[in-house]
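Remarks on the structure that follows.
In this chain, numbering begins with 1 at the start of the sequence shown.
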Amino acid sequence: QGSSAPSARQLPRQTLGKMKMGFAAFACLLVLMSPVVADQASPVGKALELLSDIQTKIIKEGEEAQKTYAEFSEWCEDRARDLSHDIKTGTAEVETLKASIAESDASILELTTKIDDLAGDIATDEADLKAGTEIRDKEHADFAAEESELVETIDMLDRATGILEREMAKGSASMLQMKNAQSVATALAAMVQASMMSSADAHRLTALVQSGQTSDDADAEPGAPAAAVYESQSGNIVDTLKDISEKAETQLDEARKKETANLQNFEMLKQSISDELKFGNKDMGASKNTLAQASEAKATAEGDLETASKELAEDSKANGELHQDCMSKAEDFEAETKSRAEELKALAEAKKVIAEATGGATDIVYSGASFIQAASRSRISSAADLKGFEAVRMVRDLARRQNSAALAQLAARMASAGHSGAADPFEKIKGLIADMIEKLESKAAADATKKSYCDKELKESTEKKAEQTSEVEKLTTRIEQRAAKSAELKDEVKELQSQLAKLMSTQAEMDKMRSTDKEVYTTEKADMELGLSGVKMALKVLSEYYAKQDKSHSAAEGAGGGIIGLLEVVESDFSKGLAEIESTEESAAATYEQETKENDIEKTMKTKDVEHKIKEHTYLDGEVKSISADRANVQAELDSVLEYLKGIEGECTEVAETYGDRTAHREAEITGLKEALATLETETALVQTRANRRFRGIARHVV
């Protein structure tokens, strides 16, 4: 074994000097290479980092999904509440419209029946008036012909009598011939021969005399002398003509009285029928107008009912679809949330297993430190001291730049660990750095979590505040609108009730006046009928008395005739007055009945209107109470949100150092520590490689 490699003590001094110079160069190479090696990451760490990234992504997705679902859930609640209110309102509106249509149908049926009855009455009255007018026209035509004939006859008799009286006074031969005539016809023929009158007048007078004689013969007693024979004891021809003239005048007077009575009766009938037609047509017009209004109201209500029913069906359908959609979304969200929780649980378990089970293997495979390095440490201690010093210096500079007491304390502990004489001081230093990095990362994560929590809570609370405030304002607006509408309806009800009171008062006054007028009419009618009966009785008595021919004294026939004429005028006035009283009573009664009907219709309509308006404002008052309760609940939620927002703002508001500044400082500290750690890890690897080569070289020299 003489060729075996010499020991370290046996090496020449020059060789030892060269080894020291090579070690210094190796240390410098480690320093130059450390930044490059530090950038390399462990696959296990990369896997953990990817798992953490996936967890962060899933959590972020869950938060976004939670926010989206919360907004959707709130929308579902708002939409459901609005649809419920619309359905409730729509149902009430449909019921009201159906009641209005039923009421309109009843009014239309009643008015149609009334119009048909009025049309029948009007047609009957018009037919009666037409028939009465025709009868009256025929009566008047007959009277006119009779009056004309009687006036002409009286005139002719007066002329004939005058001629006879003049000729008799003269005593002419013709008069002797007439005196010897045995009949009026013979006398008239003699007058024609004497050219005292025309043959046509004589013929008419003869016919008139014969007609009168025929009437007298029918009334004559048995055994009386023949009326056709002209005898001196029966009076002369002048008296006969005068008697005929008086009868003609009496007949003319009776015809005129009959015409006056017929005319008065017709005028009374015409006035009565005209009044009935007037009030019937007026009632017909009012009924048709009311019918048109009721038909229009029914048509409007039917149109509104169709629209309201359609809207109600759409709201009910939308409510059902909304419930189904919201439930489906809730189930989907629940399933997604459960799936994310399972995934996060799996990721957390994987991280836990990797962290707990791969520590030693990671150190062996990726740290580069081995028992050979530990074995050769005694030979490269100066290089370790150099890199340890470099790592301590980097941490110290980082502490000074960041003004961090924790980093300064870490640098002191690192320096102490480097001089502790431990078997592997690098490992202890790396542990200190790794602990500090983990601590800083934990603080950063906690700070980030709090920042995320604060941002989330502040945002959600602010949004909730805005939503609740908007909801309170919206509910307040709805309350004010319904309260205003209710107040308006109450005012309208008061006005309608006032009008109803006035209407009832007016009707009561009308009833009282009608009763009074009826009593006055009854009294006046009785007085007029009694007076008319008395006048007729007096006329009958006077007429019968003065018509007698066997008066024993000189009766006051002239004055009696005047009295009879005056009483006839009184009779006519009384008849006319009675007719006017009856016509006025009929007109007043018809007017009263018409106005009473109109008042009843108006009262019914206004009463129904009052009932509907009371029902509507009662419903609106209930709505105000319900919405006020909803607003109170929302206001309570808003107060809770405001109180919570005040607390979270106090907790999360930045006072001194902002989250961005803290994050930047921590990132700088962590980066610096990782660089120091990378330097130590690079040093360990290079020293181990160099030591292995050195051992092999020494071994060769020894051999």
Side-chain angles (χ1 to χ4, degrees), residues 140-220 227-261 539 542-543 546-549 551 554-569:
H140 181 68
D142 294 342
F143 165 73
E146 183 181 5
E147 183 185 36
S148 176
E149 183 179 358
L150 288 172
V151 169
E152 185 177 354
T153 299
I154 292 171
D155 181 65
M156 183 175 59
L157 289 170
D158 289 342
R159 284 188 287 107
T161 302
I163 292 171
L164 288 172
E165 288 178 346
R166 286 197 306 272
E167 293 298 327
M168 289 175 67
K170 292 178 181 179
S172 60
S174 59
M175 290 305 302
L176 293 175
Q177 185 180 357
M178 286 187 288
K179 287 182 179 181
N180 295 324
Q182 295 297 317
S183 65
V184 175
T186 305
L188 292 175
M191 291 179 69
V192 171
Q193 291 178 358
S195 301
M196 294 180 183
M197 65 171 52
S198 65
S199 59
D201 291 342
H203 180 70
R204 292 180 62 184
L205 285 173
T206 300
L208 181 63
V209 170
Q210 289 176 350
S211 175
Q213 287 175 348
T214 301
S215 177
D216 292 340
D217 290 342
D219 297 335
V229 179
Y230 181 79
E231 295 179 325
S232 59
Q233 62 266 23
S234 300
N236 56 27
I237 189 172
V238 174
D239 294 333
T240 301
L241 292 177
K242 286 183 178 180
D243 184 57
I244 294 173
S245 178
E246 288 178 359
K247 290 182 178 180
E249 288 178 353
T250 301
Q251 186 178 354
L252 177 61
D253 186 53
E254 290 177 353
R256 285 176 174 173
K257 288 181 179 179
K258 182 179 180 181
E259 171 66 12
T260 301
L539 280 171
L542 292 174
S543 297
Y546 287 113
K548 291 179 180 180
Q549 299 297 327
K551 302 182 183 68
S554 178
E557 295 183 357
I563 293 172
I564 291 173
L566 182 61
L567 288 176
E568 288 175 348
V569 173

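Every residue meeting the side chain to side chain contact (heavy atoms under 4.5 Å, CB included) condition with A255, not counting sequence neighbours, appears here in chain and number order: F143, E146. Residues forming a salt bridge (charged side-chain N to carboxylate O under 4.0 Å, His left out) with D253 (at least two apart in sequence, or on another chain): K257. Residues satisfying the salt bridge (charged side-chain N to carboxylate O under 4.0 Å, His left out) criterion with E147, sequence neighbours excluded, are R256.
Looking at every heavy atom in both residues, S245 comes nearest to D158 through OG-OD1, 3.4 Å. The shortest non-hydrogen separation linking V151 to L252 is CG2-CD2, 3.9 Å.
Judged by distance alone, the side chain of T153 and the main-chain N or O of E149 form a donor-acceptor pair under 3.5 Å.
We find the CD-NZ distance between E254 and K247 to be 12.0 Å, quoted to the nearest 0.5 Å. Taken to the nearest 0.5 Å, the CD1 atom of I244 stands 12.5 Å off from the CD atom of E249.
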